[in-house]
**Student:** 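Just passing along the structure, written as structure tokens.
Chain letters run A, B, ... following the sequence lines, proteins first, then strands; residues in each count from 1. The structure displayed is predicted, hence computed values, not measured ones.
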Number of protein chains: 2
Amino acid sequence: MTKVERSSTAEAVLGILDLNGGMSGYEVRKFMEESTANFWSESFGQIYPTLKKLLDDGLIKTEETDGGGHPAKKKYRVTDAGAARLQEWLTIPARARVPRNEFLLKLFFGGLAQPKEMRAQVEAWKTVAETDLLRDEPLLKELQMKFGKGPGRPIDYPPLPYWLMTLRYGIAEAKMTVKWCNETLAELKKLDDDYVKRGV
Amino acid sequence: MTKVERSSTAEAVLGILDLNGGMSGYEVRKFMEESTANFWSESFGQIYPTLKKLLDDGLIKTEETDGGGHPAKKKYRVTDAGAARLQEWLTIPARARVPRNEFLLKLFFGGLAQPKEMRAQVEAWKTVAETDLLRDEPLLKELQMKFGKGPGRPIDYPPLPYWLMTLRYGIAEAKMTVKWCNETLAELKKLDDDYVKRGV
DNA sequence: ACACACATGTAATTGGTTACATGATTTC
DNA sequence: GAAATCATGTAACCAATTACATGTGTGT
């Protein structure tokens, strides 16, 4: 009867557009990959239809292209109605959906495989977290430098404090994951030893 | 051209059935809610069609119902082919998909709202993590007691070590979240003070 | 008598990725 | 002149939730 279960794709696009003034669909995606990749991403197959819908609903408007350049590059900007919609959405409590984690599912069934298989899975997972850290920790420092309260503070980008919060979340998560992986690998080693002992 | 992107619903059901012998669709779901709820869950709308497909593919077989009792209660058990399929799947490295986190998305756009709105969001998020801890920490202790190496070790449930690993992951994640929420709330408070000061 | 947990299944709808289709500009 | 990146869009397909439909057993 009632709709329920709406996704937040429209708001994600609207928000990026609001933060960064006039952007094309391509640029929205690129910005997401550089900033929200740890917790939100959209494919072009979602972005372009979403832009069309936002336009139809009057939440964004087109801007003139810069004439020369790439084919049919369209730029969008949020309208007052769009900004209002966004602000309203920000006050609604976020829904907590359990994300599916295929790695943890495999580990849960680990007793059905040989311990060394699971060690390989955990090692791979650890590598992913370490790679994230290698990208996010330098990024945090870079952004903090731009923002820094110190004397040479070059630019003032208001959304930055919030960007940093989400970035710190990603870093804390990755660190926690690496730590847990190490503990889990030690335990798997023990199980493996027991397994071999029993096997022989 | 190629299929790609398969989901792991079939393997999740197959794995639960393998761990716990004969189970009905309803029991599979119940077990998931008690054990994998932090990282995997399936709706009945997925489970029943999946069981049918696994049966068609010869990966599970039906067991006799216990006659009396509930209407048409069917029990399933994995076949040798099913166990082989599951073991093969366990050796394939888990795909790392970025889960969407609506809460972090809202926080990322926090500069577009009033600081106190975002504080409410973070408080709510913290409560979710605390609730998880309240459920998972006692569960961990309970399971460890059953498993315990000590003298009175009551039962030997082989998959338990792996269950504990995933449970410890959930606990570590929730603790990390609570800690991050506290730090973030402190920073939002500062931003809020600045906001009020500038506003007046 | 009513509610709640048990129990199975299908249909409608929504959400999302990947593949396809096309073409310009820049860089090596 | 080849490859990578920029750029927009549609179609096919897959995955998943929610709502619907139906009925039994148990506890209060």
**Student:** Counting side-chain heavy atoms from CB outward, which of dA7(C), dT10(C), dT10(D) is closest to Pro49(A)?
**Tutor:**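 The answer is dT10(D).
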**Student:** Dot-bracket for DNA chain C: what is it, with Watson-Crick or G-U pairs under 3.5 Å, [ ] where a pair crosses earlier ones, and | for a pair to another strand?
**Tutor:** ||||||||||||||||||||||||||||
**Student:** Quick one: Arg6(A) CZ to dG15(C) P, roughly how many Å, whole number?
**Tutor:**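 My rounded result for the distance is 7 Å.
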**Student:** Can you name the salt bridge (charged side-chain N to carboxylate O under 4.0 Å, His left out) partners of Lys116(B), sequence neighbours left out?
**Tutor:**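 Testing Lys116(B) for salt bridge (charged side-chain N to carboxylate O under 4.0 Å, His left out), a comparison that skips the adjacent residues, returns none.
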**Student:** Could you pull out all residues at least two apart from Lys53(A) that satisfy side chain to side chain donor-acceptor pair (under 3.5 Å)?
**Tutor:**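 Expected list: Asp57(A).
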**Student:** Quick one: side chain to side chain donor-acceptor pair (under 3.5 Å) partners of Trp89(B), sequence neighbours excluded?
**Tutor:**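 Result, side chain to side chain donor-acceptor pair (under 3.5 Å) vs Trp89(B): none returned.
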**Student:** Round to a whole Å and report the spacing from CD of Glu102(A) to P of dA16(D).
**Tutor:**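 Whole-Å distance recorded here is 10 Å.
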**Student:** Pairs in or reaching into residues 11-27 of chain B: which pass side-chain hydrogen bond (donor to acceptor under 3.5 Å, both in side chains), with residues at least two apart or in two chains?
**Tutor:**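 Sorted pair list: Asn20(B)-Tyr157(B), Ser24(B)-Glu27(B), Glu27(B)-Lys73(B).
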**Student:** Please identify each residue that fulfils side chain to side chain contact (heavy atoms under 4.5 Å, CB included) with Glu130(B), with sequence neighbours left out.
**Tutor:**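 Glu130(B) satisfies side chain to side chain contact (heavy atoms under 4.5 Å, CB included) with Lys126(B), Val178(B) only.
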**Student:** Whole Å only: how far is the NZ atom of Lys53(B) from the C1' atom of dT10(C)?
**Tutor:**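 Rounded to the whole Å, the gap is 18 Å.
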**Student:** Mind checking side chain to side chain donor-acceptor pair (under 3.5 Å) for Lys61(A) and listing every partner two or more places apart, or none if nothing turns up?
**Tutor:**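 For Lys61(A) there are no side chain to side chain donor-acceptor pair (under 3.5 Å) partners, ignoring immediate neighbours.
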**Student:** Whole angstroms only, please: what is the OH-P distance between Tyr48(A) and dC6(D)?
**Tutor:**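 Between P of dC6(D) and OH of Tyr48(A): 12 Å.
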**Student:** Just to verify, what does Glu42(B) make a side chain to side chain donor-acceptor pair (under 3.5 Å) with, not counting sequence neighbours?
**Tutor:**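 Per chain and number, Glu42(B) pairs via side chain to side chain donor-acceptor pair (under 3.5 Å) with Arg100(A), Thr9(B), Trp40(B).
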**Student:** Residues from residues 22-34 of chain A sitting under 4.0 Å of DNA chain C, heavy atoms only?
**Tutor:**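 The stretch gives none, as no residue of it lies under 4.0 Å from the strand.
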**Student:** Where the side chain of Ser7(B) is defined as all heavy atoms beyond and including C-beta, which of dA16(D), dT8(D), dG16(C) is the nearest nucleotide?
**Tutor:**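 In terms of side-chain proximity for Ser7(B), the closest of dA16(D), dT8(D), dG16(C) is dA16(D).
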**Student:** Give, for atom OG1 of Thr166(A) and atom CZ of Phe103(B), the distance between the pair rounded to the nearest 0.5 Å.
**Tutor:**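 Output value for this atom pair is 10.0 Å.
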**Student:** Looking at residues at least two apart in the chain, or sitting in another chain, which of them share a side chain to side chain contact (heavy atoms under 4.5 Å, CB included) with Leu134(A)?
**Tutor:**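 Leu134(A) satisfies side chain to side chain contact (heavy atoms under 4.5 Å, CB included) with no residue once adjacent residues are dropped.
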**Student:** So, is Lys73(A) near the phosphate of dA24(C), with a side-chain N or O under 4.0 Å from OP1 or OP2?
**Tutor:**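 Answer is no, no contact under 4.0 Å.
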**Student:** With a 4.0 Å cut-off on N to O distance, would you call Asp56(A) and Lys52(A) a salt bridge?
**Tutor:**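 No.
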**Student:** Phosphate oxygens OP1/OP2 of dT8(C): is one of them under 4.0 Å from a side-chain N or O of Lys52(B)?
**Tutor:**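 No.
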**Student:** Return no unless some side-chain N or O of Arg100(A) is found under 4.0 Å from OP1 or OP2 of dT17(D).
**Tutor:**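 For Arg100(A), the contact criterion (side-chain N or O under 4.0 Å from OP1 or OP2 of dT17(D)) is met.
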**Student:** Can you tell me if Arg97(B) touches the phosphate of dT17(C), counting only side-chain N or O atoms and a distance under 4.0 Å to OP1 or OP2?
**Tutor:**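 Negative; the distance criterion is not met.
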**Student:** Would you jot down, in residue-number order, the residues of residues 40-47 of chain A having a non-hydrogen atom under 4.0 Å from DNA chain D?
**Tutor:**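 Per residue number, the list reads Gly45(A).
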**Student:** Do any side-chain atoms of residues 81-88 of chain B form donor-acceptor pairs under 3.5 angstrom with protein atoms, and if so which ones, sequence neighbours left out?
**Tutor:**
unit_1	atom_1	unit_2	atom_2	d
Gln87(B)	NE2	Leu112(A)	O	2.9

